[in-house]
Every structure is written in C-alpha cells, then in structure tokens.
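The structure appears right after this line, and notes come after that.
In what follows, residues are counted from 1 in the order of the sequence shown. Atoms considered below: every heavy atom in the structure, side chains included; atoms not considered: hydrogens, waters and symmetry mates. Owing to the predicted nature of the structure, the values given are computational and were not obtained by experimental measurement.
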Amino acid sequence: MSLSMFLCRILKELLTVTLALLIIPFMPIMLTLFIPIYIYRYLISLTGKFFRPDLCKILTTRSSIFAVDDLYKRPRAPLLIFMILDGVINLEHGREFLKERLIDAKRSDGEKLRPELQQFISRWMGFYFWKKDQHFDITNHVRIYDGPLRSTVYTESHLYRIANELVEKPFIKYRSPWEFLIFPNTVDDNGENQATAVCLKIHHAIADGFSILKLVGELITSEGRILPMTPNYTWRRGFGRVLEIIGMTLLAPYQAVKMWMDYDYNAWHIPEKKLSRKVNGAVLEKLSVDYIKEIKNLADVTFTSVLLAAFSGGIRNFMIEQKVKVPEKIHCITPLPMMGHPDKMRNFMTVCWVSLPIGISDPIERLRTIDKHLFALRSNTLPIFLFYLIPLVGGLFPCITNLFAKQFLATALMSNFPGPPDMVSYCGIPVKDMIFTGGMLPGSIGVGLASISYNGYIRIAAGLDEAIVPASVPVRALVDKISQELDILKKEICLSV
C-alpha cells in the first residue's frame, strides 16, 4: 500500500469517528423533537374508532415504512411467489381452498387471524389505517390471469415476462393489496408436461417475506400436514441481549457512518429520478442445493458465501461483457427476519448491508473475501440498531417517513429465502417448482436479486431497471453467468487442493 493510500484511509477513519461522535448526542435530540408526533399518532389510533368507526386498526409502525409506497399507481414493494403445479387446478376449488385456509382462519378468541386480507389502506389525520372492504369478493382476488400478456398456453419463459409485468402493475384501489393468479395450460419450454402455475402477489405493507412464506406454508402440505416455516436469523437473549444493546449504542453510529462513507459509485447505481421503474428480468434454471453444499465443503466456507460468490462473479462477468466499468465492490441491502416473529401478518425484520467484491478477478479470492465479510457481519450491531430504528421512523408522518425510507446507499436489493426442503402439494396437487421475486423498493436501487430454495434446488431471479440494462439486452445472460460461476469455483477449488 502506498503512503498516499495509507494517509487517505487514516483520514477517512478519523472523519468516520468524528461524525459518529457527533451523531451520538444528536440522536436523543431528534428523538425528543419527534415525541409530539408519536403522542399525536397514539391519540389518533385511540380516537379513530370513535370519530371514524369505518376504520380498523392503525398500521403498525413497521408496516407504515412500506405504506408510503404508491400502491395504486406505481408500486415499488410488491412480493411475488410463483408455484408450478404438476396437474390441473379447478378455479372454484382453488378459491374455496384459499378462502378456508387464509381468509376464514380464526384465532382462539374467534377473531380473524388475517383481517388485512379483507382490508385496504386508507389515510386519516395524517396516518395510515386499515379499512374493511365492505364489498370484498374472493373472485376479485383469486382469478385466472387476465393481464396484457395472457395466452392460451403459458411456457415458463412466458411466466418470467409476466412476473416483470406484475411487479410494475398497480394494485386496485379500495381492495386489499394482494391477489392470487392462476395460469392454466402451463407447459415447459418444449411444450410438454402440462401443468398449472399460480402466483401470490402481495404488497410489503401487509407483511414481510417471512410472513408471506408462512402464508404459503398454510396453503401447501407435506404428507398431509401443513408445513411450518420459521426464520433462520436469531438474536441473543438474556444477558447477551443487554450486551447487544450496549454495543449497539456505542458502535452502531460508527458503523452507520462507515456505511454512508462507502456509498456506491458505479454505472449501475443511478439517481432515483433516472430509473425507468421497468424491469428487465430473468430466472435461472434450477441449481442443486447439494452441488452448492459440495463447493461449500471443499472450500470450508458457508453456504451463503458460495451463493454470494456466484452472484459476485456473475455480475462481474456480465458487466465486462456489457463493457461496463467494474467497481471495486457493490453493496446489497438484504432483509433479515427476526426471531420472535408474530403469527399475524406483520413486518418484523431488519436489514444488513452485504458487500460483493466484484472488483476482485480471482474467483477463490472473491469467495474467501465474502466469507470473511459475512463472518464480520455477525458482530455488526447495525442490523439490531435498524430493527429498533424502523418503528421510530415508521411512527412519523408519512412525508417524513418517506424521506428516511428511501434506499440510496446501495446498488442492489438481495433477498434469499429457504423454502420447503421436500416436495409439497397445493390442493392435493404436487408443487414442481417455486420462484420468488419482487419490487426494488423506493429509492435509487435498480438491481434486484432473489432466490428461494425448494425440494433440493434453488431458483435465482434477477431484475435490472431498463435505465441500467435496456430491454434489448437479455438479462438471462446474467443469471447464466451466476450458474457458470459455481462451475468455475468448483474447478478452481479442486485445482488448488
């Protein structure tokens, strides 16, 4: 390292520490200024049932973060799960099955378990409330797909294009922001193996990805039993929690400033106003979980490290192919569901910033760097800090929440979910495949990566804003390069052993 680079790092570190020390006393001051808003919100939530009996509960502060999205004109936070069924489903039977399992499900006290599925978001006195859809009809939500890309026969490639269209499509006003679409006559790309595809589309304001996977878990069964789903991410308890909070108070401001100082400057990170909000996306063929585990064991790293190394190598090689300058690294926002997630439809999550070192040309070095980075993240207090900060931001007026909620530091959004490990069924029909994708959230993020595992395989979906990669450029090349990177990793690891 040259002397000038060393001095730059020292100056950057000093600036980071200085700003962090300034933030620590500033935070309680800001909190004090916001207290009147929190009190006002609390009073509004109490008096709403008297002055507006047509309103239901106020949105939770965590869900309010996502409710600032423009659901009915240009949504940026929908979540989609596709299931490919090995058989034909009857529309009426599908409606009754979903109504029984989800809509009519009740708690032990007789109240609806998921009332939000029959409610839409309304605004009163500056805050978001749930309001019951007095004309709720299951046929409005569970129906045959009738969008602009409808066809008499659907191939899997066709479904991928429809997924891009559904991500951009607004929800219908005065209806709960979810729908369950059925695609009859679905075949593979060779025109064989007739099946049915279904898609659950739901807005993030209703619930987070874990809640939605749990919702799907109520619909699918394994050996005749409803499949339970639990979050993989935990936090400490007891004295460990106390130490976590102390560490968070002391370290989180420093780590937050360090994150801000690492703002992404690259060709794929462009201002929000320049994004088209039209997605150019593709889905990779199935990847074997055992194959990734084999690479993990050979390299003595984590499963996630191998997956992120494949993402990094794929992005790097795609950038080179498109003659885009490859930066030293890019950052991805990754949601983490927290232990203690309620059984209700809720957003109960935090996020972390994952660094992908795409500037490193050597695949093994990239993998080792990512593994070290993920290990260091275990002691990072920022995700816990953000978990507590999210409700404080969501409790403000939407115009203020919107300013804080926009993502502008990172280049990409990355969501990885563990799905059912074994074959499951829906309405008694075996589920052949699952695909997960969604919007890229408000802000300047124009790259989305999503994956879900199912029955021993992983499906990876990639989407890039057309302002970054135009529709004329097939994004399929990106997901193919992610798959190829796994082969490169295995080969290089075997040679180095």
Compare every heavy atom of Pro335 with every heavy atom of Met349, then report the nearest pair and how far apart it is.
CE-CB, 3.7 Å

Could you check, using the six-membered ring where one of them is a Trp, whether Phe210 and Phe417 have ring centers closer than 6.0 angstrom?
no

Are any of the side-chain nitrogens in Arg459 or Glu156 under 4.0 Å away from the carboxylate oxygens of its partner?
yes

Separation between CG of Leu149 and CG of Leu159, rounded to the nearest 0.5 Å:
10.5 Å

Verify, without hydrogens or angle tests, whether His203 (side chain) and Leu71 (backbone) share a donor-acceptor contact under 3.5 angstrom.
no

Can you check whether Tyr154's main-chain N or O pairs, donor with acceptor, with Ser151's side chain at less than 3.5 Å?
no

Counting only N and O atoms by type, is there a donor-acceptor contact under 3.5 Å from the side chain of Asp371 to the main-chain atoms of Leu367?
no

Arg476 side-chain N/O to Ala282 backbone N/O, donor-acceptor pair under 3.5 Å:
no

Does either side chain, that of Asp69 or that of His204, offer a donor lying less than 3.5 Å from an acceptor on the other one?
no

I'd like to know if the side chain of Arg175 and the backbone of His135 have a donor-acceptor N/O pair within less than 3.5 Å.
no

Do Thr350 and Ile384 have side chains that approach each other closer than 4.5 Å (heavy atoms only, starting at C-beta)?
no

Find out whether Pro115 and Trp130 are in side-chain contact, i.e. whether some heavy atom of one side chain is under 4.5 Å from a heavy atom of the other.
no

Would you indicate whether the side-chain heavy atoms of Tyr454 and Ile435 approach each other to under 4.5 Å?
no

Any chance you could measure Leu166, atom CG, to Phe82, atom CZ, to the nearest 0.5 Å?
5.5 Å

Regarding Glu272 and Arg76, does a basic nitrogen lie under 4.0 Å from an acidic carboxylate oxygen?
yes

Taking Ser276's backbone N and O only, do any of them form a donor-acceptor pair with Asp465's side chain (distance below 3.5 Å, no angle check)?
yes

Treating Asn185 as the side-chain partner and Val153 as the backbone partner, does any N or O pair qualify as donor plus acceptor under 3.5 Å?
no

Mark yes when over 12 heavy atoms from residues, nucleotides or ligands other than Phe97 sit less than 6.0 Å from its CZ; otherwise mark no.
yes

Hey, are the side chains of Trp353 and Asn380 touching, using non-hydrogen atoms and a 4.5 Å cut-off?
no

Determine, for Glu96 against Lys99, whether the closest basic-nitrogen to carboxylate-oxygen distance falls under 4.0 angstrom.
no

Passes side chain to side chain contact (heavy atoms under 4.5 Å, CB included), Asp133 versus Gln118? Steps please.
CA-CA 6 Å; Asp133 178 3; Gln118 293 177 278; 5.6 Å; no

Give, for atom CD of Gln407 and atom CG of Leu409, the distance between the pair rounded to the nearest 0.5 Å.
8.0 Å

Surrounding CG of Asp300 (heavy atoms of other residues, nucleotides or ligands, distance under 6.0 Å), is the total greater than 12?
no

Answer yes when Lys329 and Asp262 have at least one side-chain N-carboxylate O distance shorter than 4.0 Å, and no when they do not.
yes

If you look at every heavy atom in Cys56 and Phe129, which pair is closest and at what distance?
O-CD2, 3.5 Å

Would Met440 and Leu275 count as a side chain to side chain contact (heavy atoms under 4.5 Å, CB included) if you check the C-alpha gap in whole Å, the side-chain angles of each, and the deciding distance to 0.1 Å?
CA-CA 11 Å; Met440 297 181 198; Leu275 292 173; over 6 Å; no

Would you say the side chain of Pro398 lies within less than 4.5 Å of the side chain of Ser64, judging by non-hydrogen atoms?
no

Given the rule in the side chain to side chain contact (heavy atoms under 4.5 Å, CB included) test, do Ser451 and Leu307 qualify, once you have shown the distances and angles that lead to the verdict?
CA-CA 10 Å; Ser451 68; Leu307 198 58; 4.1 Å; yes

Distance-minimising heavy-atom pair for Pro177 and Gln119
CD-O, 3.9 Å

Is it the case that the side chains of Asp290 and Ser288 hold a donor-acceptor pair, with the cut-off being a distance below 3.5 Å and no angle test?
no

Nearest heavy-atom approach of Trp178 to Leu200 is CE3-CD1, 4.3 Å

Between CD1 of Ile182 and SG of Cys199, what distance do you get to the nearest 0.5 Å?
11.0 Å

If the test is ring-ring contact (aromatic ring centres under 6.0 Å, His included), which one of Phe180, Phe120, Phe136, Phe171 qualifies with His141?
Phe136

Do the side chains of Glu116 and Arg346 get close enough for a salt bridge, i.e. N-O under 4.0 angstrom?
yes

Within the supplied structure, the quantity of interest is the number of heavy atoms (other residues, nucleotides, ligands) at a distance under 6.0 Å from Lys432 NZ; does it exceed 12?
yes

Salt-bridge criterion met for Arg143 and Glu179 (N-O under 4.0 Å):
yes

Could you check whether any side-chain N or O of Thr401 sits under 3.5 Å from a backbone N or O of Val393, counting only pairs where one atom can act as donor and the other as acceptor?
yes

Heavy-atom closest pair (Thr61 atom, Pro391 atom, distance to 0.1 Å) is OG1-CB, 3.1 Å

With a cut-off of 6.0 Å (strictly less than), are more than 12 heavy atoms of other residues, nucleotides or ligands near NZ of Lys112?
yes

Heavy-atom pair with the smallest gap, counting every atom of Thr302 and Ser305
OG1-OG, 2.6 Å

NZ of Lys278: more than 12 outside heavy atoms within 6.0 angstrom?
no

Can you tell me how far CG of Leu98 sits from CD1 of Ile103, rounded to the nearest 0.5 angstrom?
6.0 Å

I'd like to know if the side chain of Ser453 and the backbone of Gly419 have a donor-acceptor N/O pair within less than 3.5 Å.
yes

For Leu336 and Phe387: C-alpha separation, side-chain torsions, deciding distance, then whether side chain to side chain contact (heavy atoms under 4.5 Å, CB included) applies.
CA-CA 10 Å; Leu336 303 175; Phe387 178 76; over 6 Å; no

Polar contact flag, side-chain donor to acceptor under 3.5 angstrom, Ser483-Asp480
no

Non-hydrogen side-chain atoms of Leu213 and Ile452 separated by less than 4.5 Å
yes

Minimum side-chain heavy-atom gap Val283-Thr437 below 4.5 Å
no

Donor-acceptor pair, distance only, cut-off 3.5 Å: does the side chain of Asn347 make one with the backbone of Asp208?
yes

Check whether any side-chain heavy atom of Glu218 sits under 4.5 Å from a side-chain heavy atom of Leu102, and report yes or no.
yes

Interatomic distance, CE@Met319 vs CG@Asn266, rounded to 0.5 Å, equals 5.0 Å

Distance-only side-chain donor-acceptor flag, Asn416 / Thr304, under 3.5 Å:
no

